[in-house]
Amino acid sequence: KIIGGVERVLVNLSNELYRRGDKVTLLCAENKTGAPFYPLDKGVSFYNTKYNKMPELFQRIRSGFIKDRAERKRKRAKRISRIKYSRIAAYIEKENPDIIISSRPIVTYALKEIFHSRVPVITMIHGEPGGVFDEHKGEEFKKCLDYVQVLSPKFAEITRFSETDM
């Protein structure tokens with residue numbers, strides 16, 4: 001079973017969107033198997049793209065040949081994201097949704113910057129967003145965000161876009 005606070009939010013949101021008449025598919029890329037712990041309405045599709053970690057090991061070895069540590073880390077993260085989220089990207093391309101709600105900023109980054117998805121994404125940040133922007137090069141990361149949802153109004157200013165970002 002897949003369980004956690006973010007999962008609960010996504011299941012509740014999926015159920016409510018379905019009840020309002022939307023077609024909803026909940027995707028995840030978990031190594032765990034099974035359905036979400038929280039009950040999904042029967043009309044909500046669920047698909048776990050469960051990725052194989054083995055290629056990730058080879059990417060770590062491959063990136064060991066890059067001398068600059070920051071560059072090595074950035075390139076490795078991009079290659080691992082390409083492997084890990086390629087099944088999600090393929091599913092999105094096939095289904096052509098109107099909107100995507102992402103609970104992981106790295107998924108948003110992968111969809112927008114690696115797979116060049118044109119589908120609008122609402123990125124849910126379930127913690128202090130400053131660390132998310134630091135981890136993904138701050139202003140550069142903001143460029144791939146369409147919409148951001150944060151837990152607390154005090155986090156809104158950190159995620160706000162300036163006029164030049166739009």
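Values below: every heavy atom of this structure, side chains too, minus hydrogens, waters and symmetry copies.
- Atom CZ in R104 sits 15.0 Å away from atom OH in Y109 (nearest 0.5 Å).
- Contact check for P36 versus E7: no side-chain heavy atoms found under the 4.5 Å cut-off.
- Sequence neighbours left out, not one pair with a member in residues 114-127 passes salt bridge (Lys or Arg N to Asp or Glu O under 4.0 Å).
- Counting heavy atoms from C-beta outward, F46 and C28 have side chains that approach closer than 4.5 Å.
- Taken to the nearest 0.5 Å, the OH atom of Y47 stands 9.5 Å off from the CD1 atom of I88.
- Inter-residue side-chain proximity for I122 and D146 is flagged as unmet; no heavy-atom pair is nearer than 4.5 Å.
- Every residue two or more places apart in sequence or in another chain was checked for a salt bridge (charged side-chain N to carboxylate O under 4.0 Å, His left out) with D22, and none qualifies.
- When the side chain to side chain donor-acceptor pair (under 3.5 Å) test is applied to S102, the partners found at least two apart in sequence or on another chain are T108.
- Considering only heavy atoms from C-beta on, L111 comes within 4.5 Å of I92 through its side chain.
- Every residue two or more places apart in sequence or in another chain that forms a side-chain contact (heavy atoms from CB on, under 4.5 Å) with T25 is listed here: L27, S45, Y91.
- With sequence neighbours excluded, the residues that form a salt bridge (charged side-chain N to carboxylate O under 4.0 Å, His left out) with E95 are K23.
- Residues passing the side chain to side chain donor-acceptor pair (under 3.5 Å) test with E93: none are found, sequence neighbours excluded.
- Here the side chains of V44 and N15 are in contact, with some heavy-atom distance below 4.5 Å.
- Residues P120 and I100 fail the side-chain proximity criterion, which asks for heavy atoms closer than 4.5 Å.
- In this structure the side chain of V148 reaches within 4.5 angstrom of the side chain of I125, judged on heavy atoms.
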Practice task
Begin with the C-alpha distance, continue with both residues' side-chain angles, and end with the deciding distance and a verdict on side-chain contact (heavy atoms from CB on, under 4.5 Å) for I101 and L13.
Solution key: CA-CA 10 Å; I101 300 172; L13 179 60; 3.5 Å; yes

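- Heavy-atom minimum distance, R20 versus E16: NE-OE2, 2.9 Å.
- With a 4.5 Å cut-off on side-chain heavy atoms, M124 and V9 count as touching.
- Nearest heavy atom pair, residue P39 against residue V11, reads O-CG1, 3.3 Å.
- Here the closest heavy-atom approach between residue P105 and residue T123 is recorded as CA-CG2, 3.9 Å.
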